[in-house]
Amino acid sequence: MDPYKNRRWVIILIIISIGLIFSFRLFYVQVINHEWSHRAAKISLKTENLQPPRGFIYDRNNKLLVGAETVYDIFILPIAIKEKDTSLICNLFDMSKLDFKKVLENASTGYNVPYKPSVFIKSMTQLEHAKISPFIGKISGVFAEAKIDRGYPLSIASHLLGYIRRIDENQFQNTRANGDFFYTKNDFIGITGLEKQYELLLRGQRGNINYLKDYAGNKIKTVNKIPAQPGKSLQITLDANLQKLGEKLMAHKIGSIVAIEPSSGEILAMVSAPSYNPSLLTGKNFSKEFERLKQNDSLKPLINRPVYNDKYRPGSIFKLVQALIALEDGVITSNTGFSCNKNIIGCHNHERPNNLLKAIKHSCNPYFFQVYKRLIMKGKGKNIFEISREGLGNWEKKIKTFGFGSTLGIDLPDEKSGFVPNVSFYDQWYGKKRWAFSTIYSNSIGEGEIGVSPIQMANLAAIIANKGYYFTPHIIKEIEEENIKEKFKTKHYSCVDAKHFDVIIDAMNEVVNNGTGRNARIDSIEVCGKTGTVENKNFNDHSVFISFAPMNQPKIAIAVYVEFGTWGSKWAAPVASLMMENYLNGFLSNKSKIKAAKIQSEVILNKNTKF
Ligand SMILES: [Zn+2]
């Protein structure tokens with residue numbers, strides 16, 4: 001008798017039963033119940049969005065201004081964090097234990113679960129990452145992942161280039177409402193400057209990939225793929241070397257520099273001071289740095305002054321426009337002389353302004369009082385009020401042909417129009433028939449109610465350099481595979497005939513050689529310029545200079561505005577001169593290098609300014 005006979009049967013039965021159970025289950029899942037087959041089909045086709053890389057930005061000589069940079073996101077896996085590593089983590093990332101506890105909590109709640117990694121530091125720079133990487137290798141539960149962000153190899157032109165930032169809810173909804181479904185809530189979008197202006201070109205086109213995925217989440221097969229189209233690269237008109245010099249010269253100062261190529265309207269340099277390093281507004285420190293820059297509001301470092309600040313009074317550079325209009329109107333000739341009568345309006349001592357050239361050379365205020373009076377009071381109305389109204393109406397129309405009082409149409413966001421005072425403005429201010437020339441004469445010397453932006457001042461220099469016309473100032477030079485917009489190739493004529501410009505140009509050359517702008521002279525180059533000193537109640541006056549060079553066939557026209565710079569020839573004239581020398585010669589002479597270093601180190605601020 002086999003003592004194990006029964007037991008053997010029991011074991012065989014158990015094995016058969018298990019086999020049957022599995023067979024039935026298999027039969028049930030495969031034949032009877034379709035839930036699993038549905039489920040498998042449902043999860044097997046997966047679509048993934050492909051993000052296009054953003055276009056780069058190059059200067060006029062193909063130097064990279066905005067490119068890509070590798071940055072690192074730091075991830076944390078809460079379940080793998082060991083108590084003993086806490087101190088090391090806190091030291092590495094400069095946080096308190098309490099902060100780290102919060103990080104762990106955040107990484108374990110809501111959408112995050114403790115056994116899935118989540119980001120806790122975004123976009124560390126390569127340098128920052130290099131410092132921590134030997135240590136994080138030793139910590140379980142913390143690791144870094146590389147990704148691509150905006151990079152600024154030259155760290156210049158921050159206002160002009162602008163910045164990008166993660167799209168906010170409003171922008172997200174607005175783009176959708178406008179039929180633009182490009183963005184997901186994690187995407188970046190251009191907020192200011194060229195990043196905003198050319199967003200649609202820079203961002204590229206999104207692609208996608210469809211693939212089959214098994215139940216465990218593995219990709220089995222790509223079904224189809226539409227590759228992302230990278231954003232287009234822009235070449236802009238800026239000269240990086242010139243821009244860099246301009247930013248150095250305007251260090252510790254408030255104001256702007258705009259340089260234009262008169263024959264094309266291309267912007268060669270656009271400096272807004274104070275400035276900031278564009279890299280500050282990328283990556284992990286964005287919010288912190290943005291708030292810090294915004295709080296320095298007494299200096300408004302985020303404002304692009306050249307296009308945005310249209311409240312600048314032009315001062316004596318405006319005398320050039322008055323002279324041109326007066327010549328065109330026939331109320332003066334180049335030989336017209338007036339006395340420098342300081343009883344009418346203040347002036348300094350200088351040779352008698354017995355012609356227009358001498359009046360400009362010495363920037364004679366009483367002379368231009370008389371010029372403006374002839375412009376405004378030339379009508380034949382019944383009384384001085386009516387004559388003034390008619391005169392101002394005509395004058396306003398003519399001034400506007402120089403690009404004042406309206407936006408020029410530059411390809412940058414937030415351009416402001418400036419202001420040319422007119423009849424309705426003074427009617428509102430003083431009342432109808434309650435103002436006449438004697439009320440508004442300060443316009444004659446660029447004081448009073450006129451407001452212009454630095455780009456408009458530079459454009460004035462370009463108009464004179466071109467003897468009467470300008471091209472809309474612009475930043476874009478070329479867009480990959482696309483032509484420059486036609487609107488930038490149109491000549492805009494001022495109301496003044498070309499023949500009237502010769503005397504103005506001669507006078508501007510005299511200003512630099514023997515007049516108020518001698519600080520702008522450059523050895524071996526004939527420079528034309530005009531100084532301006534803008535009154536600034538209770539504070540130092542502003543220093544203004546517009547200029548172009550060489551005198552014949554000008555290649556650069558420039559406007560410099562140094563707030564609180566006391567007078568035109570003191571700071572604005574030498575800054576303009578150094579910029580032109582550098583651009584035209586390609587370098588600065590040793591003498592000029594010393595001058596540049598001195599200007600760079602000079603601090604010129606309103607005494608109430610706070611950093
Ligand atoms: Zn005078």
Legend entry - Listed partners of H350 passing ring pair (Phe, Tyr, Trp, His ring centres under 6.0 Å), at least two apart: H348, H362

Legend entry - For F425, all residues meeting ring pair (Phe, Tyr, Trp, His ring centres under 6.0 Å), sequence neighbours excluded: F419, W429

Legend entry - Euclidean distance, Q197 CD relative to H474 NE2, rounded to 0.5 Å: 12.5 Å

Legend entry - Short side-chain to backbone donor-acceptor contact, T407 and S417, under 3.5 Å: no

Legend entry - Any residue meeting ring pair (Phe, Tyr, Trp, His ring centres under 6.0 Å) with F437, in chain and number order, not counting sequence neighbours: F369, Y372

Legend entry - Short N-O contact, K477 and D59, less than 4.0 angstrom: no

Inset, instruction - Measure the shortest side-chain to side-chain distance between K530 and F545 over non-hydrogen atoms and say whether it is less than 4.5 angstrom. - result: no

Inset, instruction - Flag the pair Y308 / H159 as yes when their ring centroid distance falls below 6.0 Å, and as no otherwise. - result: no

Inset, instruction - Please say whether the positively charged group of K491, taken as NZ for Lys or CZ for Arg, lies over the ring of Y469, i.e. under 6.0 angstrom from the six-membered ring centre and within 45 degrees of the axis. - result: yes

Inset, instruction - Output yes when a side-chain donor or acceptor of Q456 lies under 3.5 Å from a complementary backbone atom of G403, and no otherwise. - result: yes

Inset, instruction - Output all residues satisfying side chain to side chain donor-acceptor pair (under 3.5 Å) with N61, sequence neighbours left out; order by chain, then residue number. - result: none

Legend entry - Pairs involving residues 577-600, ordered by first then second residue, that meet ring-ring contact (aromatic ring centres under 6.0 Å, His included) (sequence neighbours left out): none

Legend entry - SB check K253 E563 (cutoff 4.0 Å): no

Legend entry - Test item: side-chain donor near acceptor, E581 and S592, under 3.5 Å: yes

Inset, instruction - Examine H542 together with F564 and report whether their ring centres are nearer than 6.0 Å. - result: yes

Legend entry - Check: F488 ring centroid to F471 ring centroid under 6.0 Å: no

Inset, instruction - Using ring pair (Phe, Tyr, Trp, His ring centres under 6.0 Å) as the criterion, list what pairs up with F548, not counting sequence neighbours. - result: none

Legend entry - Spatial distance of atom CG (L245) from atom CG (N582) [nearest 0.5 Å]: 5.0 Å

